[in-house]
Amino acid sequence: MEEKLNLRDLYRMVKKHLVMIVAITIVAMVISGVVSKFAITPIYQSSTQILVNQADSENIFDVNVVKSNLELINTYSVIMKSPLILEKVIKELDLNRDFEVLYEQVAVSSQEDSQVVVISVEDENQETAANIANSITKVFESEIKKVMKVDNVNVLYPAMVKPNPEPIKPQPALNVVVAGLAGLFLGIGIAFTRDYFDNTIKTEADIENKLGLPALGSITTINETGITSTVAQMKTKKKDVGGKMSGS
């Protein structure tokens, strides 16, 4: 027999297991909040902005020169994250990490339709992140002269250490919301699984749905108090009937 789950069945299922679903959701949110706050190491980000122009550009405002510089932005980005630059940064700052680790910490991007290049560095220490970003700029300015004959690198905004920095990772509020949604769907999934594999018959509708047979009758649940009350009423009725018969 094919069983179809409609919105009404889904609503009944959620209502039936509402306590369990809410409990799982709350537990997931609490665990996520605690882990985000106390178990995950915070990561800070520091960025610097530079402007790069070609050395033989007599007029940097010439349209063709600007277009040519824009086309070179991707090349500059690759060079900034190359071993030529990062290996020297590691040596200059005496960092206790290899090239692959530092490569993953550095991101190079450019503002849309501009020659401004942004170098962003993520690290557990904000001061270290700022030092790495500034060192990359310094080494790049030195090496790009030899590689591409470019000697016009201007620092627009150096990386600085903020007095009260806020980590970019983790984001406890976002993690709690995501964990809450995950817990909600997990709770609904568990409720659905329990109902799907529950073959016991509880209502008249279950008989019709599972067996395809109509319900001929039902036995209501009567508690002990109800039985005692019913027996007392029957005895009282019997006495009344007996009294009328004796009096007639």
Side-chain angles (χ1 to χ4, degrees), residues 1-47 97 100-107 109 112 120-126 129 162 164-235 237:
M1 184 184 302
E2 184 180 359
E3 295 184 3
K4 295 182 179 179
L5 182 66
N6 54 38
L7 290 178
R8 182 175 298 176
D9 294 332
L10 182 62
Y11 171 75
R12 290 174 180 169
M13 181 194 67
V14 172
K15 185 179 179 181
K16 177 182 176 183
H17 300 282
L18 183 61
V19 175
M20 181 194 69
I21 294 173
V22 172
I24 292 176
T25 303
I26 293 176
V27 170
M29 294 174 70
V30 171
I31 292 175
S32 175
V34 172
V35 171
S36 299
K37 188 70 177 178
F38 301 104
I40 299 178
T41 303
I43 300 297
Y44 299 89
Q45 185 184 63
S46 190
S47 302
R97 67 199 68 176
E100 286 77 13
V101 175
L102 183 58
Y103 181 89
E104 296 297 327
Q105 292 182 251
V106 178
S109 61
E112 187 176 359
S120 300
V121 180
E122 297 181 0
D123 195 85
E124 298 176 4
N125 185 290
Q126 198 213 7
K162 299 178 181 177
N164 297 308
E166 289 290 336
I168 61 169
K169 302 176 186 175
Q171 298 181 356
L174 178 62
N175 291 346
V176 168
V177 172
V178 173
L181 292 175
L184 177 63
F185 287 116
L186 177 62
I188 294 176
I190 293 175
F192 174 79
T193 303
R194 290 181 61 180
D195 268 22
Y196 183 79
F197 290 102
D198 185 5
N199 293 323
T200 59
I201 296 176
K202 301 180 180 64
T203 64
E204 296 176 3
D206 291 341
I207 297 175
E208 297 178 358
N209 293 331
K210 295 180 183 297
L211 304 179
L213 299 174
L216 300 179
S218 63
I219 301 174
T220 58
T221 302
I222 303 175
N223 54 31
E224 187 174 352
T225 304
I227 294 175
T228 304
S229 176
T230 303
V231 171
Q233 290 177 359
M234 292 177 64
K235 288 181 177 179
K237 187 176 181 180

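The structure displayed is predicted, hence computed values, not measured ones. When reading the values below, keep in mind they use all heavy atoms of this one structure, side chains included, and skip hydrogens, waters and symmetry mates.
- The shortest heavy-atom contact between Ala28 and Gly183 is CB-CA, 4.0 Å.
- To the nearest 0.5 angstrom, Leu18 atom CG is 9.0 Å from Tyr11 atom OH.
- Contact detail for Tyr44 and Ala129: the closest heavy-atom pair is O-CB, 4.4 Å.
- The shortest distance between side-chain heavy atoms of Ile188 and Met13 falls below 4.5 Å.
- Under 4.0 Å is where a charged nitrogen must lie from a carboxylate oxygen, and between Arg97 and Asp123 at least one such pair does.
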Evaluate the criterion side-chain contact (heavy atoms from CB on, under 4.5 Å) for residue pair Lys169 and Ile40; output intermediate values, then yes/no. CA-CA 9 Å; Lys169 302 176 186 175; Ile40 299 178; over 6 Å; no
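- The shortest non-hydrogen separation linking Ser46 to Gln126 is CB-O, 4.5 Å.
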Run Val106 and Glu122 through side-chain contact (heavy atoms from CB on, under 4.5 Å) and show every step you take. CA-CA 7 Å; Val106 178; Glu122 297 181 0; over 6 Å; no
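- The CG atom of Asp195 sits 4.5 Å away from the NZ atom of Lys16 when rounded to the nearest 0.5 Å.
- Between Gln45 and Val121, the closest side-chain pair of non-hydrogen atoms is not below 4.5 Å.
- Looking only at distances, no side-chain donor or acceptor of Glu124 sits under 3.5 Å from a matching main-chain atom of Ile43.
- The CG atom of Asn164 sits 8.0 Å away from the CD atom of Glu166 when rounded to the nearest 0.5 Å.
- Panel note: side chain Thr25, backbone Ile21; a donor-acceptor pair is recorded below 3.5 Å.
- Between Gln105 and Leu102, the closest side-chain pair of non-hydrogen atoms falls below 4.5 Å.
- Here the CZ-CZ distance, from Phe192 to Phe185, works out to 14.5 Å after rounding to the nearest 0.5 Å.
- Ser36 and Asn175 share a side-chain donor-acceptor pair at under 3.5 Å.
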